[in-house]
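Chain letters run A, B, ... following the sequence lines, proteins first, then strands; residues in each count from 1.
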Protein chains: 2
Amino acid sequence: MVTLAEVARHAGVSASTVSYVLSGKRTISTRTRERVEKSIRELGYHPNAGARALASNKSNIIALMMPLRTDMYVPVMMEIAIAVATTARERGHDVLLLTGQEGPEAVRRVVGSGLADAMILMDVELEDTRLSLVRESPRPAVLIGLPADPSELTCVDLDFAATGRLCAEHLAELGHRDVAVVGEAAAVYERRTGFAERTLQGVRERAAELGVRVLHRPCDGSYESTAGTLARIFDERPATSAVIVQNEAAIGPMLSLLRQQGRAVPEDISVIAVCPEQVATQQSVALTSVAIPAQEMGRRAVELVMAKAGAADGRAPTGAGAGARAGAGTETLIELLPPQLTVRASTGPAPTPTGAP
Amino acid sequence: MVTLAEVARHAGVSASTVSYVLSGKRTISTRTRERVEKSIRELGYHPNAGARALASNKSNIIALMMPLRTDMYVPVMMEIAIAVATTARERGHDVLLLTGQEGPEAVRRVVGSGLADAMILMDVELEDTRLSLVRESPRPAVLIGLPADPSELTCVDLDFAATGRLCAEHLAELGHRDVAVVGEAAAVYERRTGFAERTLQGVRERAAELGVRVLHRPCDGSYESTAGTLARIFDERPATSAVIVQNEAAIGPMLSLLRQQGRAVPEDISVIAVCPEQVATQQSVALTSVAIPAQEMGRRAVELVMAKAGAADGRAPTGAGAGARAGAGTETLIELLPPQLTVRASTGPAPTPTGAP
DNA sequence: TTGAAAGCGCTAACAC
DNA sequence: GTGTTAGCGCTTTCAA
């Protein structure tokens with residue numbers, strides 16, 4: 001294994017010079033730099049990660065904690081994870097993958113061992129057992145999702161309330177007066193991240209303002225469940241002319257069922273989905289949708305967590321020995337990404353009650 | 001930050017004793033061990049990962065390299081990743097997530113820096129640019145997937161040829177004589193992992209033996225494409241009474257289309273899918289399927305890579321200074337997981353050509 | 001059964 | 001602009 005010392009000898013300089021060439025924390029003459037870089041290349045030198053972490057007290061690793069549950073729509077998780085990994089690499093960091101399996105303990109372990117410099121937690125629940133640990137952690141953390149009590153935390157999420165409002169508005173403008181919401185499974189509403197409730201609240205709020213009636217039904221996403229949900233909706237509100245779906249699994253079955261029932265989209269019924277772009281465009285009808293900006297969420301999470309890490313480094317101007325907390329940051333910061341509605345082929349004007357115009 | 005030295009002082013023992021209590025590499029009297037463990041608990045000690053890696057030359061980290069492309073069926077990737085992470089944790093390791101973005105370079109970086117002790121590569125292509133690096137790497141690696149030339153490599157994959165044979169057999173036993181294969185997108189067959197070809201070959205081979213005719217058509221999984229594929233199939237082989245689908249995206253549309261065409265499953269047409277269990281069971285008809293054992297693949301990959309790491313450690317009995325390679329292992333090892341077919345509601349006896357029995 | 005001490009490879013003062 | 005050097009916290013001989 002090639003060490004920094006060997007590179008130094010090979011280039012005829014001191015170890016610190018090599019180190020500074022690598023870090024750029026000191027100005028080096030072009031001549032020296034080039035010599036060092038040449039040696040590095042010729043010897044095939046790679047700085048040892050462990051030694052670096054030990055000496056600098058920074059691992060250049062961000063821990064990403066995935067949810068334990070798998071009832072979440074997986075592609076979104078994956079897309080976030082990939083965005084996190086990509087963004088982190090752009091900024092010289094690697095990503096450590098933690099599953100929910102280990103539970104809150106993982107936070108302690110990773111932070112305590114100095115394995116990671118920072119954490120990103122996905123799929124945060126309203127009452128998340130990891131939160132107290134995060135608040136006490138000396139390392140910066142960012143949540144993807146919005147817990148019931150976000151105080152002292154940094155959170156990134158889609159603005160689901162605005163999403164709901166946007167959907168209601170779009171349909172109202174098209175003249176719809178009876179709108180149904182096909183939501184997530186009932187269990188999601190009970191124990192979970194709250195995004196479902198927030199969307200629904202947004203829909204109701206704006207719909208009320210615009211004189212649109214809203215009927216909400218949860219749906220577990222299976223074919224049967226979707227059939228049942230649709231049947232109930234048209235049973236209870238025969239005048240329903242538009243559906244907002246916030247449940248990726250239910251989209252396919254729903255379109256299939258509408259087709260079977262002879263309801264044309266969008267002539268007889270309009271459909272808006274809250275889902276990733278890919279899902280919206282790959283259906284039998286291209287869906288008008290509000291995108292779940294998975295990539296952006298992942299990217300912003302990394303940016304925020306690294307900003308916090310930087311702030312923590314910068315602070316405590318070497319000498320003020322008082323503070324106990326290293327500076328994970330105590331401020332509450334909630335970043336809600338603005339929703340964007342893309343009109344495609346699944347929404348159109350409300351059908352006129354009977355016969356011709 | 002609590003260090004090992006502090007724990008030692010607190011427990012009234014030497015640093016090495018604490019270290020050995022932690023590693024179990026030396027017998028410690030119960031009395032001493034308990035005292036040390038108590039101190040560890042009371043002080044909230046966590047061994048520093050960087051220092052450990054530096055001193056022991058092992059990071060206890062496995063790198064997991066994900067594919068760059070996203071046209072792979074994502075949930076399977078995710079399931080493998082989670083299985084890898086879980087299994088690794090059970091064995092005291094963490095997982096570093098690498099995306100394909102960085103390309104082969106990532107292999108060099110991670111191995112060179114000692115950041116990871118071993119690597120697992122997912123979604124290996126037939127001609128994969130990472131392979132030469134892997135062969136030369138001093139650290140053990142395991143591939144998930146089977147490249148064209150697996151020599152000197154360790155690979156885990158589902159036995160897709162056997163999968164194809166199993167499907168052909170099942171349908172033949174039910175009396176089907178004309179079978180169609182709805183496959184992956186054409187692009188997949190051209191540039192990719194070869195699993196699609198292997199399945200197809202298995203189907204053809206066994207079908208030929210059993211006197212069953214096979215028609216294969218690629219399909220990109222969109223609704224339109226699936227419709228086109230189905231139309232062609234029934235056009236060219238009106239007697240087709242069974243379909244084998246190896247394309248998760250095409251399953252939903254296909255069932256929907258068959259329904260529209262008034263073809264009942266399984267009375268008029270039998271369907272077998274090659275897909276994860278979850279996908280098979282969540283359709284409008286529970287599908288007879290061969291599972292993609294994502295979890296098992298992830299688990300085995302970790303087990304194999306750790307076995308190789310262990311072997312590399314054990315070998316070179318301290319003194320035989322000759323060998324250059326650290327012992328990543330030069331033997332070729334291919335582990336093909338046996339497929340398992342689960343009969344559900346989508347396959348049944350072939351319909352009799354005309355009218356009654 | 002336990003201690004003492006020599007590094008592991010790098011960073012970051014501190015000197016010049 | 002560059003060199004010297006003292007650690008970072010742990011593992012692991014070697015010695016008792």
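Ranked by how close their nearest DNA chain D nucleotide is to the 5' end, B:Leu54 and B:Thr17 are led by B:Leu54. Along DNA chain C, the nucleotide closest to B:Ser56 and the one closest to B:Gly12 are compared, and the more 5′ of them pairs with B:Gly12. Comparing A:Arg26 and A:Ala5 by the nucleotide of DNA chain C that holds the closest heavy atom to each, the one mapping nearer the 5' end is A:Ala5.
Regarding contacts with the backbone of C:dC10, a side-chain N or O of A:Tyr45 is found under 4.0 angstrom from either OP1 or OP2. Distances shown here put a side-chain N or O of A:Lys25 below 4.0 Å from the OP1 or OP2 atom of C:dA12. Within the structure, a side-chain polar atom (N or O) of B:Ser29 is placed less than 4.0 Å from OP1 or OP2 of C:dT2. Remark: A:Arg52 is in phosphate contact with C:dT11, judged by side-chain N or O atoms under 4.0 Å from OP1 or OP2. OP1 or OP2 of C:dG3 lies within a sub-4.0 Å distance of a side-chain N or O belonging to B:Ser14.
Computed from coordinates, the B:Asn48 CG to D:dG7 P distance equals 18 Å when rounded to whole Å. A:Met1 has its CE atom 6 Å from the P atom of C:dC10, to the nearest Å. Rounded to whole angstrom, the span from the CD1 atom of A:Ile40 across to the C1' atom of C:dG9 amounts to 14 Å. A:Leu4 has its CG atom 5 Å from the P atom of C:dC10, to the nearest Å. In this structure, B:Arg9 atom CZ and C:dG3 atom P are separated by 14 Å, rounded to whole Å. Atom pair B:Glu6:CD and D:dC8:C1' shows a separation of 13 Å (rounding to whole Å applied). Atom P of nucleotide C:dG9 and atom CG of A:Leu43 are separated by 15 Å, given to the nearest angstrom. We find that CZ of A:Arg35 is positioned 12 Å from C1' of D:dG1, with the value rounded to whole Å.
Residue contacts shown for B:Leu22 are absent, as no nucleic acid heavy atom lies under 4.0 Å away. Backbone-only contact: B:Val13 has heavy atoms under 4.0 Å from sugar-phosphate atoms and none from a base. Contact annotation for A:Thr32: backbone-only contact, meaning every heavy-atom pair under 4.0 Å involves sugar-phosphate atoms and none involves a base.
Without hydrogens or angle criteria, A:Thr332 side chain to A:Ser151 main chain gives no donor-acceptor distance under 3.5 Å.
Which of C:dT2, D:dT11, D:dT13 sits closest to the side chain of B:Ala55 comes down to D:dT11. Relative to the side chain of B:Ser19, the nucleotides C:dC14, D:dC14, D:dT11 differ in distance, and D:dT11 lies closest. In this structure, the nucleotide among C:dA12, C:dA4, D:dC10 sitting nearest to the side chain of B:Ser16 is C:dA4.
Using a cutoff of 4.0 Å between basic side-chain nitrogens and carboxylate oxygens, B:Asp149 and B:Arg135 are scored as salt-bridged.
For the pair B:Val156 and B:Val142, the minimum side-chain heavy-atom distance is below 4.5 Å.
A pairwise comparison of heavy atoms in A:Ala141 and A:Thr154 identifies O-CB, 3.9 Å as the closest pair.
With no hydrogens or angles considered, no side-chain donor-acceptor pair links A:Ser19 and A:Ser16 at under 3.5 Å. For the residue pair B:Ser29/B:Thr32, the side-chain donor-acceptor check at 3.5 Å is satisfied.
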